[in-house]
Each structure stands twice: as C-alpha cells, then as structure tokens.
Trainee: 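Sharing a structure below in structure tokens format, with a few things to ask.
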Amino acid sequence: MNTWTGNTPGDSSHLYVDEAGRGYFLATYNPRGKWDGLGLRLGGPRLLHRPDAAGNPLLARYEDYGNVPEDRDPLLGLPDRCDGGPRGLLDFEALRATHERLAAEHHDAWTAGGPHPSHWPFRFTDDRAGNIALARANAVPGYALLRLDGSWTDKHDDPDYLADANAYLDALDPDTVVLDVSCHC
C-alpha cells in the first residue's frame with residue numbers, strides 16, 4: 001500500500017507492519033498508540049456477494065466466527081454471505097434491501113409491543129421511514145472507512161460519513177478488493 005500511495009515512514013498515512021505481520025498506523029493524536037489487532041470482522045459475515053459469484057475463490061470468508069448469538073447476526077441464514085472480495089462480485093444493493101426489510105420488520109414488531117431492536121448501528125425511533133432509511137445507509141459501510149489513499153473517516157469525525165462512505169464504495173472499480181475488518185487500538 002505504501003508503494004502505491006507514495007507514503008513514507010513519518011507520513012500520517014504510512015502503513016507500518018509489526019513483527020507478527022499485522023498492519024497498523026501511528027495515531028497523530030497519540031504517537032505511541034497503534035492498532036493491536038486487525039482481521040476479518042468477527043460476528044459473522046456482514047457483506048453479500050452476487051449469486052453468480054458463489055464459489056469464486058476471490059471472495060473472502062473467515063470460517064471460524066465462534067458462537068455468534070442469533071440476535072447479533074442480522075444476516076443469519078441468508079445465502080451469498082462473505083467478508084469481502086472484488087467490488088464487482090459484491091452485491092451492495094441486495095445488502096441495502098435486506099437491511100431495509102429487516103428494519104421494517106423490527107420496527108413493526110417493536111411498535112406492536114415487541115422488544116426494542118438490539119444490536120443496530122443506530123437508535124430505533126417511532127419514525128418507521130427514518131429507521132428504514134438509516135438501516136439502508138448503515139448496511140454497507142461499517143463504523144469507519146479506510147480509503148485506498150490511506151485516509152480514514154468515521155461516523156464520529158464526519159457528519160456526512162454515511163453518504164460519503166456509500167458514494168465512495170459504490171464508485172470503486174470492480175477489481176478493487178473491499179474487506180470488512182475489525183480493528184482494535
């Protein structure tokens with residue numbers, strides 16, 4: 001990545017590699033801080049691939065998620081799940097439609113006296129249309145986005161994060177690999 005972006009040690013977007021081969025960035029607000037873990041997202045695959053891409057060896061899938069509670073895995077039971085792959089093999093629109101449907105179902109169950117939906121990336125409200133729109137916007141991007149140029153953006157720092165992240169991901173070249181990762185600092 002450093003060769004591609006032209007970043008050198010000392011640049012804020014330079015990717016360092018620790019002795020275990022894990023990548024990390026030095027934080028500008030805490031120069032002694034670094035990522036201590038980075039890997040495919042735990043908790044079940046969060047992306048969908050196109051049905052015609054099933055079995056494609058370019059799709060990433062972590063096989064050992066452990067015991068994930070059903071209420072923490074909104075895509076449980078859906079076919080075509082993966083942790084990433086070339087953008088052209090991923091089906092962001094199907095993922096967004098699935099999250100819209102799930103948000104509508106959860107909202108209707110909640111307003112009918114059921115439990116408040118848990119483990120969503122936003123707070124459910126009485127506004128059904130708003131909940132569905134937020135579910136759609138949150139379906140593809142995670143909490144943060146690391147762009148190809150090495151820049152980082154997230155929900156905390158960018159008030160337009162969801163719109164910006166979705167537009168960026170939708171516009172990627174079909175050969176660009178997109179991965180859903182978990183990182184810990």
Side-chain angles (χ1 to χ4, degrees), residues 1 4 15 22-25 35 37-107 117-122 124 131-158 160-185:
M1 182 178 124
W4 185 75
L15 179 66
R22 296 177 299 208
Y24 67 93
F25 291 100
W35 290 357
L38 174 67
L40 290 178
R41 184 178 181 276
L42 301 178
R46 206 177 84 34
L47 298 173
L48 296 177
H49 61 78
R50 291 188 342 244
D52 63 336
N56 190 310
L58 296 176
L59 292 173
R61 185 168 165 90
Y62 179 70
E63 294 298 330
D64 184 17
Y65 296 101
N67 186 16
V68 181
E70 288 187 20
D71 66 336
R72 293 185 71 87
D73 186 357
L75 302 179
L76 186 68
L78 289 179
D80 306 331
R81 296 174 67 182
C82 66
D83 293 296
R87 169 63 186 99
L89 298 180
L90 302 177
D91 194 343
F92 290 167
E93 189 51 40
L95 185 61
R96 290 178 179 123
T98 297
H99 277 267
E100 284 181 326
R101 178 183 52 77
L102 291 170
E105 290 173 4
H106 286 301
H107 180 88
S118 60
H119 308 294
W120 282 84
F122 59 90
F124 262 65
N131 289 336
I132 292 170
L134 276 172
R136 179 177 180 79
N138 277 280
V140 178
Y143 171 80
L145 177 69
L146 179 60
R147 291 188 168 106
L148 292 172
D149 66 3
S151 63
W152 174 283
T153 183
D154 61 47
K155 291 181 181 182
H156 177 73
D157 294 331
D158 179 1
D160 297 320
Y161 169 74
L162 290 174
D164 294 345
N166 276 298
Y168 177 81
L169 290 165
D170 287 341
L172 288 173
D173 183 271
D175 292 331
T176 302
V177 175
V178 176
L179 292 173
D180 184 27
V181 299
S182 291
C183 66
H184 184 266
C185 297

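Worth knowing before you read on, the calculation uses all heavy atoms, side chains too, and leaves out hydrogens, waters and symmetry mates. This chain uses plain numbering: 1 for the first residue, then up along the sequence. Because the structure is predicted, anything quoted here is derived from the model rather than measured.
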Trainee: Identify the heavy atoms of N166 and A137 that sit nearest to each other, and give their distance.
Mentor: ND2-O, 2.9 Å
Trainee: Taking side chain as C-beta onward, heavy atoms only, is V178 less than 4.5 Å from L90?
Mentor: yes
Trainee: Could you tell me whether D52 and R50 have a side-chain N and a carboxylate O separated by less than 4.0 Å?
Mentor: yes
Trainee: Could you grab the distance from atom CG of L89 to atom CG of L47, nearest 0.5 Å is fine?
Mentor: 12.0 Å
Trainee: What's the separation between atom CG in D83 and atom NE2 in H49, rounded to the nearest 0.5 Å?
Mentor: 10.5 Å
Trainee: Quick one, R87 and D175 - any side-chain contact, counting heavy atoms below 4.5 Å?
Mentor: no
Trainee: At their closest point, which heavy atom of D154 faces which heavy atom of A144, and how far apart are they?
Mentor: CB-CB, 3.6 Å
Trainee: For P141 and Y161, which heavy atoms make the closest approach, and how far apart are they?
Mentor: CB-OH, 3.7 Å
Trainee: Check E100 with R96, please: is the shortest side-chain N to carboxylate O separation under 4.0 Å?
Mentor: no
Trainee: Test side chain to side chain contact (heavy atoms under 4.5 Å, CB included) on T98 and L78; report intermediate values, then the result.
Mentor: CA-CA 10 Å; T98 297; L78 289 179; 3.5 Å; yes
Trainee: Under the criterion side chain to side chain contact (heavy atoms under 4.5 Å, CB included), I'd like the reasoning laid out for L145 against L169: C-alpha separation, chi angles, the key distance, then a yes or no.
Mentor: CA-CA 9 Å; L145 177 69; L169 290 165; 4.0 Å; yes
Trainee: So, for F92 and D170, which heavy atoms are closest and what is the spacing to 0.1 Å?
Mentor: CD1-OD1, 3.5 Å
Trainee: Determine whether N138 and H99 satisfy the following criterion, side chain to side chain contact (heavy atoms under 4.5 Å, CB included), listing intermediate values before the conclusion.
Mentor: CA-CA 8 Å; N138 277 280; H99 277 267; over 6 Å; no
Trainee: Compare every heavy atom of A103 with every heavy atom of F124, then report the nearest pair and how far apart it is.
Mentor: CE2-O, 3.8 Å
Trainee: I'd like to check D91 versus D80 (side-chain heavy atoms, cut-off strictly below 4.5 Å). Are they in contact?
Mentor: no
Trainee: So do H107 and I132 actually touch side chain to side chain, heavy atoms under 4.5 Å?
Mentor: no
Trainee: Ignoring hydrogens and angles, tell me if any N or O in the side chain of R46 forms a donor-acceptor pair with the backbone of A139 under 3.5 Å.
Mentor: yes
